[in-house]
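Structure, as structure tokens:
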Amino acid sequence: MADGDGFREHVARLRSLSFKIGAYRPPSEGGSASLLLRVTENCPWNRCTFCEMYKGHRFVYRSVEEIKADIDTVAAIRDEITAVSWKLGLGGKITRDVGTALVAEGRDLIENSGFVTVFNWLSSGGRTAFLQDANSVIMRPPEFVAALKHLRETLPSLTRVTSYARSKTLAQRKPEELRMIREAGLDRLHIGLETGDDELLAIVRKGVTKAEQIEGGRKAIAAGFQVSEYWMPDLGGRERWRQHAENTAQALSAINPHYIRSRPLVPRPGTPLFEDVAQGRLRLSSPHERLEELARMIGGLEVTSRVCFDHAMNAWADRRGGLLFRQDYEGYRFPEEKPLVLERIREGLAVEESRHVHVRKLMAVRSL
Ligand code: SF4
């Protein structure tokens with residue numbers, strides 16, 4: 001092992017280095033393998049009635065200088081960790097042994113979120129980054145471009161950079177602005193469509209119309225982004241399930257994103273929608289009714305997307321008590337696998353409703 005003094009110096013420097021990391025990222029973005037970096041903080045809209053993510057936190061527009069300083073800090077942490085690898089004779093490779101050696105010298109590093117994030121990112125190959133928080137494209141385009149260029153130049157091991165975006169903001173951006181952002185190094189956008197139904201969009205205060213959702217999604221694709229659109233089964237409850245399903249299918253078909261991801265509604269305590277459910281203003285569907293809604297939405301999809309059920313709330317049971325849908329991040333290839341998904345839904349409907357126990361349990365635990 002290398003000399004202790006050398007290690008102490010590295011640990012001391014690592015202790016002094018920190019950068020901003022937010023709470024949320026999509027699960028498909030590589031788990032702890034993704035580097036998390038905050039280019040803005042929280043949500044500039046923050047009014048959707050079902051969303052608790054950034055409630056009580058004010059939006060912060062970060063300056064390019066602050067973002068660049070955070071990127072430089074990530075590079076400095078990377079360099080310290082890599083230097084320890086060389087001292088251990090590991091040739092710059094970031095393995096478990098590097099982490100063990102560092103933590104043996106400074107146990108508190110386990111609690112240091114900057115160190116832990118960069119270490120996990122490096123040990124997974126240092127390939128992907130997710131830019132937080134809720135709507136990075138709200139940044140003024142030239143500033144976003146400057147931040148992205150600095151990111152790509154400073155951390156050249158990155159092969160994919162992704163972020164959340166609101167359709168409304170994408171619709172407001174000029175095509176050439178989006179192209180500039182894409183060319184500066186942002187690859188993939190995760191967009192919360194939730195529903196394509198205008199009445200429901202107004203009820204849940206999404207702050208966008210179906211037409212704007214379509215325009216935003218299409219513009220992003222035309223600029224070269226890979227686009228994931230998230231929709232929310234049961235957002236309209238028993239009263240509006242049909243219009244929700246049909247208009248969502250229409251909007252998604254018009255966009256034809258690369259990925260369509262199902263995120264069934266979970267009423268979160270502290271949100272206006274939770275109160276709507278508690279007061280009986282919104283009546284949630286049963287597991288079978290959610291499948292009926294799904295059948296109508298999927299049946300209306302005319303896309304060449306990947307359709308994904310990559311979330312625990314999509315846990316309907318099949319005849320053998322297993323999962324009805326595959327829950328991987330690549331999902332079902334449409335249109336080829338559309339008949340298969342519709343067949344799976346029919347199987348789920350043929351299963352006694354009480355056997356969709358996992359869906360019921362998750363609805364019960366996380367809602368009322
Ligand atoms: S735009 Fe997204 S993050 Fe912001 S309140 Fe709505 S759902 Fe939540």
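Residues take their numbers from the sequence shown, with the count starting at 1. Just follow the structure's listing: the first ligand is 1, and inside any ligand the first atom is 1. Worth saying up front: this structure is predicted, and the values here are computed from it rather than measured.
- Taking the charged nitrogens against the carboxylate oxygens, E337 and R326 do have a contact shorter than 4.0 Å, which makes a salt bridge.
- Between Y230 and H190, the ring-plane angle classifies as tilted under the 30° and 60° cut-offs.
- Considering E52, K206, R205 only, the shortest heavy-atom separation from atom 7 (S) of ligand 1 involves K206.
- Counting only protein N, O or S atoms closer than 2.8 Å to atom 4 (Fe) of ligand 1 gives 1.
- Taking the charged nitrogens against the carboxylate oxygens, D310 and R263 do have a contact shorter than 4.0 Å, which makes a salt bridge.
- As a member of the Ile/Leu/Val/Met/Phe/Trp/Tyr network built from side-chain separations under 4.5 Å, V208 groups with L201.
- Between R344 and E347, at least one side-chain N (NZ, or NE/NH1/NH2) sits under 4.0 Å from a carboxylate O, which counts as a salt bridge.
- The aromatic rings of W231 and H244 lie tilted to each other, with the angle between the two planes from 30° to 60°.
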